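To start, the structure itself, in structure tokens.
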Amino acid sequence: PLIRYEGQPVIGLALRKEIFRRRGIIVSALIRHPGPTLDPGSRAELDEMLTALDLARSDAAPIQVGAAALRP
């Protein structure tokens, strides 16, 4: 159900990035302009979906990306 939900046209990337942020995979769910943003209704719907699937919380630390993460 979650893959189908995040696969929606237009808003799908914003949903996917927000899910990744909430699960601790990425630090920020920001999308460059003109990408879509999540409105309060979409955020509430996502909350309901993650709760129903028992995926609402994650204790994983975000993965650090960028030049600092690549340095030895």
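Only a predicted model underlies this, so the values are computations on that prediction, with no experimental measurement involved.
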Where do Ile31 and Pro36 come nearest, in terms of heavy atoms and distance?
CD1-O, 3.7 Å

At what distance, to the nearest 0.5 angstrom, does CZ of Arg43 lie from CG of Leu46?
8.5 Å

Quick one: does Ile25's side chain get under 4.5 Å of Ile19's, heavy atoms only?
no

Non-hydrogen atoms of Leu2 and Met49 that approach each other most closely
CD1-CG, 3.9 Å

Test your reading of the model: is there a side-chain donor-acceptor pair from Gln8 to the backbone of Tyr5, 3.5 Å cut-off?
yes

Spacing of CG belonging to Leu13 relative to OG1 belonging to Thr37, to within rounding of 0.5 Å:
11.5 Å

Quick one: does Leu15's side chain get under 4.5 Å of Leu38's, heavy atoms only?
yes

Which atoms form the tightest heavy-atom contact between Pro1 and Leu53, and what is the distance?
CG-CD2, 4.2 Å

Non-hydrogen atoms of Ala29 and Glu18 that approach each other most closely:
CB-OE1, 3.5 Å

Taking the side chain as every heavy atom from C-beta outward, state whether Asp47 and Arg22 have any pair of such atoms under 4.5 Å apart.
yes

Minimal non-hydrogen separation, Leu55 against Arg23, with atom names:
O-NH1, 3.2 Å

